[in-house]
Amino acid sequence: MTRVLEVDPVAPLGAALSEAAEVLRRGGLVAFPTETVYGLGANALSPEAVRAVFEAKGRPAANPIIVHIADRSDVAHLTSRWPDAAERIAQAFWPGPVTLVAPRSALAPDVVTAGGETVALRMPAHPVAAALIGAAGVPIAAPSANRSAGISPTTAAHVLSHLAGRIDLVLDGGACAAGIESTVIDTTTDPPTILRPGPVSAEDLWSEAGVRAVAGSTAPGEPHRSPGAMARHYAPNALTVVTEASEDRVHDETLQGRSVAWLRFAREAEPGPGVLSLTMPDDANAYAAVLYARLHQAEAAGVEVIVISQPPSGSHWTAVLDRLSRASRA
Ligand code: TXA
Ligand code: MG
């Protein structure tokens, strides 16, 4: 049985938090909201607890997990070296939607780092996440709270649709603001490498932290320094197509007798009856905030095909285009 406890997302106090912290301390699994997506948390210092996260998600053991901290002093315990670029980025963006990869210390268990020489750290800004980590008194290992390779959850209901019965507790703090996962930056390279684009862009890193980071390769077939950046990831079960010619594609699929959801912009023509029409915002951040919710909605409706209107190019859209290319890769 997975229990759900509601928490005030702005001022999370009291019984729910102490209960969740207690579950974490005794090795249990708690899903909780962050400013990006819901995480599935376990005591990062307990290899058994972290192994249970892999088990609940069906996650390959070769994929390392982000360690979430509430206090900057934890960096020194978990890393053996903290590059200058990492410090500058942390100063500018923590707490916030940025994950920093640095050389690990012996304190970070092998199961967290997937046996690698680095550890990924993030200090989340969401009041529930920060308060939960603080109350637990240990760093919290947390991947996104979905079954492996599925769509990340941005509400407690999404978490339950994937993990009900597999985890102890969900803290329901409402919908996540950013809606896509954190920017992951490898600070062991010079210049630092963006392993996963996210809410904080390369431009932001330069203008706010004075760090010029380069984009990591996500080409299929190339070795990955971020194993989670596998080609097919964040993917719905339905055939998912991103195209400029979305109206024609919706029409064709419907003629073939397939059930279709269409993620379209308001300026595009309304589809005929029978198509699940989901209007997307024109602003990149607003688009990111609702993207996974719309994909979950299409999945829950059981459509066979999801057609997505191609968003504009341009650096504001980098993170959204990354997620769309993963969702639509066969
Ligand atoms: O916004 C987020 O980052 C959310 C919330 C819960 O914090 N977490 C999240 O975790 O998206 P997950 O496990 O779904 O994605 C973490 C990504 C994966 O691509 C993983 O391979 C990569 O970070 N990663 C973790 N540790 C790493 C390491 N030591 N070196 C390189 N990549 C790492
Ligand atoms: Mg994930």
Side-chain angles (χ1 to χ4, degrees), residues 30-42 44 50 53-54 56-70 78-80 86 93-105 108-126 128-130 132-133 139-154 158-159 162-163 171 173 176-189 192-200 216 218 223-235 288 292 319 322-323 326-327:
V30 176
F32 61 96
T34 82
E35 67 275 29
T36 57
V37 300
Y38 273 71
L40 177 57
V50 177
V53 169
F54 281 85
K57 281 188 58 110
R59 184 181 180 101
N63 194 359
I65 296 193
I66 298 169
V67 177
H68 296 68
I69 60 175
L78 291 159
T79 63
S80 59
F93 294 103
W94 276 3
V98 173
T99 297
L100 296 167
V101 173
R104 68 184 281 196
S105 74
D110 275 344
V111 61
V112 168
T113 67
E117 289 310 306
T118 60
V119 65
L121 300 181
R122 172 157 115 80
M123 187 189 289
H126 195 295
V128 173
L132 177 64
I133 302 163
I140 300 299
S144 52
N146 50 279
R147 293 279 291 169
S148 186
I151 308 160
S152 290
T154 58
H158 297 160
V159 175
H162 280 216
L163 298 174
L171 286 180
C176 303
I180 56 170
E181 305 83 352
S182 64
T183 308
V184 179
I185 305 160
D186 183 356
T187 69
T188 67
T189 61
T193 311
I194 298 177
L195 300 177
R196 179 175 70 183
V200 171
T218 52
H224 273 297
R225 265 174 302 164
S226 196
M230 294 170 297
R232 186 174 160 81
H233 205 70
Y234 316 114
Y292 290 158
D322 170 77
R323 299 310 188 275
R326 293 176 200 293

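We count ligands from 1, going down the list as the structure has it; atoms in each ligand are counted the same way. Along the sequence shown, residues are numbered consecutively beginning with 1. Only a predicted model underlies this, so the values are computations on that prediction, with no experimental measurement involved.
- The shortest N/O to N/O separation between Lys57 and ligand 1 does not fall below 3.5 Å.
- Contacts of Arg104 with ligand 1, taken as heavy-atom pairs under 4.0 Å, are absent altogether.
- The Ala120 neighbourhood of ligand 1 comprises atoms 25 (C), 26 (N), 27 (C), 29 (N), with distances under 4.0 Å to a heavy atom of that residue.
- Residue Pro64 holds the heavy atom nearest to atom 33 (C) of ligand 1 of all those in Pro64, Gly116, Ser152, Gly41.
- Between Tyr38 and ligand 1, a contact under 3.5 Å exists for no N or O pair.
- Val200 and Pro97 get closest at one heavy-atom pair: CG2-CG, 4.1 Å.
- The option from Ala142, Gly216, Ala129, Ser144 that lies nearest to atom 12 (P) of ligand 1, judged by heavy atoms, is Ser144.
- In the vicinity of Pro143, heavy-atom distances shorter than 4.0 Å reach the ligand 1 atoms 10 (O), 12 (P), 13 (O).
- Checked against a 3.5 angstrom limit, the closest N/O atoms of Asn63 and ligand 1 fall inside it.
- Taking the charged nitrogens against the carboxylate oxygens, Arg196 and Asp186 have no contact shorter than 4.0 Å, which rules out a salt bridge.
- Nearest-residue assignment for atom 30 (N) of ligand 1 (options Thr99, Thr188, Thr34, Thr118; heavy-atom criterion): Thr118.
- A pairwise comparison of heavy atoms in Trp94 and Leu121 identifies CZ2-O, 3.3 Å as the closest pair.
- Summarising the geometry of Gly39 relative to Thr34, their closest heavy-atom pair is N-CG2, 4.4 Å, with the distance given to 0.1 Å.
- The minimum heavy-atom distance between Tyr38 and Cys176, with the atom names listed, is CD1-SG, 3.5 Å.
- With a 4.0 Å cut-off on non-hydrogen atoms, Leu195 touches ligand 1 through its side chain and not its backbone.
- Residue Ile133 comes nearest to Ile69 through the heavy atom pair CD1-O, 3.9 Å, listed as atom of the first residue, atom of the second, then distance.
- Proximity to Ile66 (heavy-atom distance under 4.0 Å) selects the following atoms of ligand 1: 3 (O), 8 (N), 9 (C), 10 (O), 16 (C).
- Using modelled atom types, one finds a donor on one side chain and an acceptor on the other under 3.5 Å when comparing Arg104 with Thr113.
- At least one heavy atom of Val101 sits less than 4.0 Å from an atom of ligand 1.
- At a threshold of 2.8 Å, the Mg ion (ligand 2) has no backbone or side-chain N, O or S atom of Ser152 nearer than that distance.
- Less than 4.0 angstrom separates some heavy atom of His68 from each of these atoms of ligand 1: 5 (C), 6 (C), 7 (O).
- A distance-only check finds no donor-acceptor pair linking the side chain of Arg323 to the backbone of Ala327 [under 3.5 Å].
- For the residues Glu35, Arg196, His126, Glu117, the heavy atom positioned nearest atom 11 (O) of ligand 1 is part of Arg196.
- No donor-acceptor pair closer than 3.5 Å links the side chain of Ser144 to the backbone N or O of Asn146.
- Short contacts between ligand 1 and Gly39, defined as distances under 4.0 Å to a heavy atom of the residue, involve ligand atoms 6 (C).
- Remark: Glu35 engages Arg122 in a salt bridge, criterion side-chain N to carboxylate O under 4.0 Å.
- Residue-ligand proximity, Thr36 to ligand 1, at heavy-atom distances under 4.0 Å covers atoms 1 (O), 2 (C), 4 (C), 5 (C).
- Of all heavy-atom pairs spanning Ala319 and Ile180, the tightest one is CB-CD1, 3.5 Å.
- Here Arg59 has side-chain heavy atoms under 4.0 Å from ligand 1, and that is the only part of it that gets that close.
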